[in-house]
J.: 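First, the structure itself, so that you have it in front of you.
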Amino acid sequence: MLENTAISPQGRPVLQGETLIEARNLPRHVGIIMDGNGRWAAQRGMPRPEGHRAGSRSVRRIVRLARRIGIEALTLYAFSFQNWHRPDDEVSALMALLHDYLLSERREILDNDIRLAAVGNIDKLPEWVRFALDELCKTSASGDRMTLTLALSYGGQEEIVAAARRLAAEVAAGRMRPEDIDLGALSANIPSMRVGEPDLIIRTGGETRLSNFLLFGSAYAELYFCDRLWPDFTEKDLFAAIDSYQRRQRRFGLVLDDG
Ligand code: FPP
């Protein structure tokens with residue numbers, strides 16, 4: 001449960017400790033690169049999968065809070081395309097955790113009108129994970145309070161390559177002309193853009209890079225990096241990230257009148 005949090009009549013937290021959250025200027029779509037699970041485990045002399053297990057507890061906390069404060073779309077980088085190259089036991093542990101999450105959070109997702117979606121090369125996931133994922137995506141399809149997208153077997157470059165390939169096939173089949181390929185056509189073929197561009201991308205764990213996450217959509221995203229390892233990332237940290245976002249002026253390449 002949240003501590004020191006005042007909830008406005010609209011049901012949105014406005015105060016966390018000393019941090020005031022303005023309900024009117026919330027990021028609509030937040031993406032999170034959940035880094036630092038391995039280091040969290042190493043610091044405790046535990047095997048890496050224990051770090052991921054602790055990380056999945058953070059996922060529960062942050063999904064719940066994002067839904068409560070009125071974030072419309074939350075995209076979590078849960079497994080990158082490149083993560084398949086990790087040791088087999090770590091990959092298996094991550095798949096098992098994902099499966100556990102889909103089963104244990106089913107009720108919470110449905111009861112809270114959350115729509116679950118997935119982006120990435122889902123066909124590469126083991127069938128038992130895919131089955132649970134497809135089922136919950138379908139069952140939660142009418143959820144209209146927040147879209148929770150899990151980026152799984154996901155790579156931003158791979159997603160752009162696949163879109164280019166689809167459009168090239170349309171041109172080759174004579175259904176499109178090369179000059180019809182514009183930003184709209186490209187983004188319509190980028191699955192992570194179904195929920196729109198991310199307004200805020202948070203990366204935990206101290207690194208300051210995007211690591212192939214939401215590359216197309218992040219063109220004008222605000223980036224927020226923090227040292228906290230993902231398993232230690234709390235409600236307070238999410239509030240700090242949103243607070244930082246709300247203090248920024250977004251210009252989208254334009255010159256804004258400060259007066
Ligand atoms: C990066 O930490 C994190 C991952 C590769 C996986 C993220 C997975 C979870 C948070 C848990 C399962 C997900 C869900 C949705 C239930 P790292 O291992 O690269 O950390 P390190 O940089 O400290 O080694």
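Just follow the structure's listing: the first ligand is 1, and inside any ligand the first atom is 1.
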J.: Which one holds for D100 and ligand 1: side chain close, backbone close, both close, or neither close, with close meaning a heavy atom under 4.0 Å?
T.: neither

J.: Do you see a donor-acceptor pair shorter than 3.5 Å between the side chains of E222 and Q246?
T.: no

J.: Rounded to the nearest 0.5 Å, what separates atom CG in L183 from atom CD1 in I190?
T.: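 The CD1 atom of I190 is 10.0 Å from CG of L183, to the nearest 0.5 Å.
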
J.: Does ligand 1 have any atom sitting under 4.0 Å from a heavy atom of L76?
T.: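 In this structure, L76 fails to qualify as a contact of ligand 1 - no heavy atom is under 4.0 Å.
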
J.: Under 4.0 Å, counting heavy atoms only: does R53 come that close to any atom of ligand 1?
T.: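 It does not; every heavy atom stays at 4.0 Å or beyond.
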
J.: Quick one: OG1 on T75 to CD1 on I33, what's the gap to the nearest 0.5 Å?
T.: 11.5 Å

J.: Can you report which non-hydrogen protein atom sits closest to atom 6 (C) of ligand 1, along with the distance?
T.: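 Protein heavy atom at minimum distance: A78 O, 3.3 Å.
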
J.: Counting the benzene-type ring for Trp, do W230 and F233 have ring centres under 6.0 Å apart?
T.: yes

J.: In Å and rounded to the nearest 0.5 Å, what is the CG to OH distance from D243 to Y224?
T.: 8.5 Å

J.: Would you check the N or O atoms of L97, main chain and side chain alike, for any that come under 3.5 Å of an N or O of ligand 1?
T.: no

J.: Do any N/O atoms on Y101 end up under 3.5 angstrom from N/O atoms on ligand 1?
T.: no

J.: Would you say E197 and Y220 are linked by a side-chain donor-acceptor pair, where the criterion is simply a distance under 3.5 Å?
T.: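 On atom types as modelled, these side chains do not qualify, holding no pair under 3.5 Å.
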
J.: Non-hydrogen atoms of W230 versus ligand 1: any pair closer than 4.0 Å?
T.: yes

J.: Output the distance between atom OG (S58) and atom CG (N37), rounded to the nearest 0.5 Å.
T.: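 If I round to the nearest 0.5 Å, the distance is 7.5 Å.
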
J.: Give me the nearest non-hydrogen protein atom to atom 12 (C) of ligand 1 as residue plus atom name, then the distance to 0.1 Å.
T.: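 Result for atom 12 (C) of ligand 1: S56 CB, 4.1 Å.
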
J.: Could you check whether any heavy atom of G205 sits closer than 4.0 Å to an atom of ligand 1, since that is the contact criterion I want to use?
T.: no

J.: Would you call R107 and D111 a salt bridge, taking side-chain N to carboxylate O under 4.0 Å as the test?
T.: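 D111 and R107: salt-bridged.
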
J.: Applying a strict 4.0 Å limit to heavy atoms, is R86 in contact with ligand 1?
T.: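 Flag set, R86 near ligand 1.
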
J.: Can you check whether G36 has an N/O within less than 3.5 Å of an N/O in ligand 1?
T.: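 Yes; at least one N/O pair falls below 3.5 Å.
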
J.: Give yes or no for whether the N/O distance cutoff of 3.5 Å, strictly under, is met between R48 and ligand 1.
T.: yes

J.: When you measure from atom 5 (C) of ligand 1 to every protein heavy atom, which one gives the shortest distance, and what is it?
T.: N83 OD1, 3.5 Å

J.: Under a 4.0 Å N-O cut-off, is there an ion pair linking D144 with R115?
T.: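 Salt bridge: no.
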
J.: Could you say whether the N/O atoms of R39 and ligand 1 ever approach to under 3.5 Å?
T.: yes

J.: Here's one to test your reading of the geometry: is the NZ or CZ of K124 within 45 degrees of the ring axis of F79 and under 6.0 Å from its centre?
T.: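 No, cation not above the ring by the 6.0 Å, 45° rule.
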
J.: If you have a sec, work out which protein heavy atom is nearest atom 11 (C) of ligand 1 and how many Å separate them, to one decimal?
T.: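 Looking only at protein heavy atoms, the one closest to atom 11 (C) of ligand 1 is H52 O, 3.6 Å.
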
J.: Quick test of your reading of the model: are R106 and E135 salt-bridged, counting only N-O distances below 4.0 Å?
T.: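 Counted as a salt bridge, because a side-chain N and a carboxylate O are separated by less than 4.0 Å.
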
J.: Out of V59, D35, N37, who gets a non-hydrogen atom closest to atom 14 (C) of ligand 1?
T.: V59

J.: At what distance is the nearest protein heavy atom to atom 3 (C) of ligand 1, and which residue and atom is it?
T.: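 Going by distance alone, atom 3 (C) of ligand 1 is nearest to M34 O, 3.1 Å.
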
